[in-house]
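Fair warning: this is a prediction, and the values are worked out from it, not measured in the lab.
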Amino acid sequence: MLGILYSGHAFFNIPADSQTYKQMVASLHVKYIFSKYVTSTQEVMCQFKIHGQSVCLRKLTDVQESTIEHTGYLFAYAIATSGSTGTPKVVKVPHHCILPNIIDLKRILDITRCDKIAQLTNFTFDPSIVEIFLSLCCAATLFMISKPLRNEASRLLEKIFHAHVTVLQITPSLLFHKWSTERLKVTILDKNSHLRVLLLGGEPFPKMKLLLEASHPQNATRLFNIYGITEVSCWSSINEIAKDNDVRECCLGKPLSGTVFQIKDNDNKVITRGEGVLYIGSTTRICIIGDETEGNLSKPVFRDTGDVVSVNERGRIFYKGRRNNIVKRFGNKVNLRKLEEIVVDLNSVQTCVAFWDAELHKLYLCLSTTKSKAEFSRLRNDVTSHLQILPAIYKPDKIIVVEQFDFTTSGKICLASLKRVCRSSEREITDANNLHVDKVFEKLWDQHVKCKDTGFMMSGGTSIAAIQISSATTEAFNVEFPELIGMLLKDGTFDECVNYVRSTLINRVCNDDVNRYTDVSLDDGMILNTKKTVIKPTSLNDCLISSSMKSYCQWYKCRGKTYGALKQEQNTGKIIKNISNIEIIASYNLQKCVDASPTVYRYSEAELYATVGSHSGIICTVSLLETSRSYEVKLPDRIEASVLVLADFHGIVGCYDGHVYCIHLKTGQVIWKFQTQDIVKCTAIMCAQGSKVFVGSYDRHVYCLSIEDGTRIWKTEASKGAICATGCLHSQSTSVLFGTLDGSCLALRQSSGQVTWKHKLQDPIFVAPVVLRSGHALFCSVAGALCCFDIETDCEMWRHVIGGNVFSYPVIQTLGSTDNELVTLASHNKNLYLLEMPEKIVEKNKPRLKSTLRFHSPIFATPWCDDRHIFVTCTDGTFQTFNVEGKLLATKQFPGETFSSPIVHDDLIILGCRDNNLYVLKLS
């Protein structure tokens, strides 16, 4: 190296990867190579021996002379980036770019000729240049090792210790994987160790508890967190870490000479507080990357590190993870670094790496430990329990204990080998034919919840975990289990779920086509009587919905939508202008959580009411014009569906006991009830003629019932998935639309229940479809895929994907009579999206994102949009009002979590809360 530099030339060290080598030779116009080997494209110029090793200087005969002479840029050496963020880049480093590193580190580390600097880094990794030339410029000793010694970890540590090495530069992964904390504590980090300086870089700084475990209490070694990127010639900042520093994370420290840091947010704006991507710049330390030329670069030159950092009020910068380590999972952003930090807090975990397999859409947590193999099972349980402090979306699909990580030539954990480990671990599950069904499902169950004695939800399960288990089971047996996600969400036990999996597999073996569809027809009276229970009222005239009724329901509002004959002038212009305050004017205790969304309805100008059910089974009806008047009736089990309101205070609602009830909302009289075969969370909707209702059940069927007496008119198995979302009338085709938990989108003929159109999305559907005025139907999956269908031609017109889970119903609004339709869609990712529908819906003509509102908490409830206002409730109980331009007008904080959707009428807001109350609020 010194000889090449002395002769005025530049050098590069040949990487092991042949592709990178060819790229470097081509881009650098390499003319000569020192090598032990000869190929047909090389001419031997000189041959000599160094320490007994034969070395040849060879000329590349296939390099064009015209290109060799024209480099146009003097540099000291070239190096390739690792390629961790894409294709490796060739970086040409001039003397004046790397020299400040050498000078700075000599001063900061107090390097003298008495020091002995370890050269453990591979020559193709740029910190090796610092090790070598820091030693040479200070006349210090360079401690070099052979390849066989490098591979003998125990002997290498002894050599470093007994050779009295004083400066060691290494990656944290390599330090703690080559050597145990016990061995480090009695050697190079002992109280009498000669090691003055330990530089840890190339990876996030390790937890201080791990360094303290590896150090003798009287050890005096100085610890440094050193940071940089190859594109700006190795190191860019350094920070000395005190061993008594008890902070959770260590900052990157101050930039080195000739270096400046810049942080940009998602809008590419420079910020001085908050979180963003770090850029490293300089007017002097400028490397040339790829085909760049010095003259074409405007100074200062900033390089994108790809690292997400945060900067505090003191200007201190903290590493948060790689930008490409923030991945989308079930539509939510997951920071793999955050997951790793939490897991490393466990004493039994030595190192961990969160690995996202984008092809399989799976999250793996790979970790090493000091525990024995016999304790691996308990370790996994400890990790699973500890992860409960994170949102459910961080729950890994699999936890893998790795005895020994593989490393790249740069000393970093090799992600390619990690991918192989994760993929091979899947064979434990995918080779299900060699395992008992119970054992396979038990493994999947145990990864998400500990207990098998209680139901899935009672044991701590979540909707995300239900999706994971359902997907993993399908993959394990290569069979769809459409009912499984519904069973988990309704708190099914382990035994119930595994019995369903087992029976599905048995049925499939017997007949692959069994139960594909259920015949749809009008049933005779005998069948009707065996499938339902009818409780006759005292007088049939008291419950018939006919023209003789005295009190009609003029209109009702529920979950972002208005039904009935509410006139345009009544629907707009009534919201208070210049809203600045929200006050609670009444509350009603329903004894348990109010997760259901209220229904607001009017019988006359003097009769305005709200009705909602609760987990206690209580249905509360409140007069909104006289809030002291309220009525309570009780059903036998939990209610999560909204109430469909009919004339004369008759209401239809589904219950967790599997029945659909028609009751009198004031007296509690049961007009009729109809039994399905599973819980009913779906809100019933009425046909245009007002004679029948359509309702879905967790038993996978859609039912059409007579409003008059609850008689079943037809029943259709919609798909193999449960139904929890409300349906939607499609007047253009006289169909009713439903989405299911196996991702099926359906159109059923209102008269007979015949499935006239069907489409399958990849993920479950938790929300109701909506119909645009053009007749196109919008379905949205839980993963945030909003799909537009022309159901009459069976064509998908477009698909728009947002970055988050969707449990909130889409809301359609039009700001003016001639304006385009707007769809408001709220997500669990804390964003609310306002999408402008295309003026003319043709295939692939997607909607335009008009605006996005960012919230501090996920959104589960459906927003209310009215009169250029948007009313939004977050799950943490925060209720906020915005104008359509996104300006915040007023806020109200509720004492409990909120999943109930707000209804707004004039200056009133009605909302349920998990503190067991129904609230009536007033805008002012």
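Nearest heavy atoms, K412 versus G202: CE-O, 3.1 Å.
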Would you tabulate the side-chain donor-acceptor contacts of residues 266-275 under 3.5 Å, counting partners in other chains and residues two or more places apart, or write 'none'?
none

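Checked by atom type, the side-chain pair T875/E897 shows no donor-acceptor distance below 3.5 Å. With hydrogens and angles left out, the side-chain atoms of N831 and T852 include no donor and acceptor closer than 3.5 Å. In this structure, a donor-acceptor pair under 3.5 Å is absent between the side chains of T284 and H96. In this model, no donor atom of one side chain and acceptor atom of the other lie less than 3.5 Å apart for D126 and Y77.
For S237, there are no side-chain hydrogen bond (donor to acceptor under 3.5 Å, both in side chains) partners two or more places apart in sequence or in a different chain. For the ring-ring contact (aromatic ring centres under 6.0 Å, His included) test, no residue two or more places apart in sequence or in another chain qualifies with Y319. Residues passing the ring-ring contact (aromatic ring centres under 6.0 Å, His included) test with F899, sequence neighbours excluded: F860. In terms of the side-chain contact (heavy atoms from CB on, under 4.5 Å) criterion, residue partners of D357 (sequence neighbours excluded) are, by chain and number, F355, E359, L360, Y364, K419, R423. With sequence neighbours excluded, no residue satisfies side-chain hydrogen bond (donor to acceptor under 3.5 Å, both in side chains) with S236. With sequence neighbours left out, S368 forms a side-chain hydrogen bond (donor to acceptor under 3.5 Å, both in side chains) with H177. For the ring-ring contact (aromatic ring centres under 6.0 Å, His included) test, residues two or more places apart in sequence or in another chain that qualify with F766 are F807. Residues forming a side-chain contact (heavy atoms from CB on, under 4.5 Å) with V90 (at least two apart in sequence, or on another chain): Q23, M24, S27, L28. Qualifying side-chain contact (heavy atoms from CB on, under 4.5 Å) partners for N13, counting only residues two or more places apart in sequence or in other chains: M1, F11, F123, T124. For E292, the side-chain hydrogen bond (donor to acceptor under 3.5 Å, both in side chains) partners at least two apart in sequence or on another chain are R303. Among residues two or more places apart in sequence or in another chain, the side-chain contact (heavy atoms from CB on, under 4.5 Å) test is passed with P255 by T259, F261.
The CD atom of Q19 sits 12.5 Å away from the OH atom of Y21 when rounded to the nearest 0.5 Å. Note that the CG atom of L212 and the CG atom of L210 stand 9.0 Å from one another [nearest 0.5 Å].
The pair E341-R337 meets the salt-bridge criterion, since a charged nitrogen lies less than 4.0 angstrom from a carboxylate oxygen.
The cationic atom of K887 (NZ for Lys, CZ for Arg) does not lie both less than 6.0 Å from the six-membered ring centre of F882 and within 45° of the ring axis.
Counted within 6.0 Å of NZ on K106, heavy atoms from surrounding residues, nucleotides or ligands total 12 or fewer; the atom is thus considered open.
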Run the side chain to side chain contact (heavy atoms under 4.5 Å, CB included) check on I170 and L199 step by step: do they pass? CA-CA 6 Å; I170 195 169; L199 294 164; over 6 Å; no
Yes or no on salt bridge (Lys or Arg N to Asp or Glu O under 4.0 Å) for E231 and K89, after CA distance, side-chain angles and deciding distance? CA-CA 9 Å; E231 291 88 338; K89 293 173 285 190; 3.0 Å; yes
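Between the side chain of S470 and the backbone N or O of I467, no donor-acceptor pair lies under 3.5 Å. Checking side-chain atoms of Q119 against main-chain N and O of T121 turns up a donor-acceptor pair under 3.5 Å. Judged purely by atom type and a 3.5 angstrom limit, D104 uses its side chain to pair as donor or acceptor with the backbone of S257.
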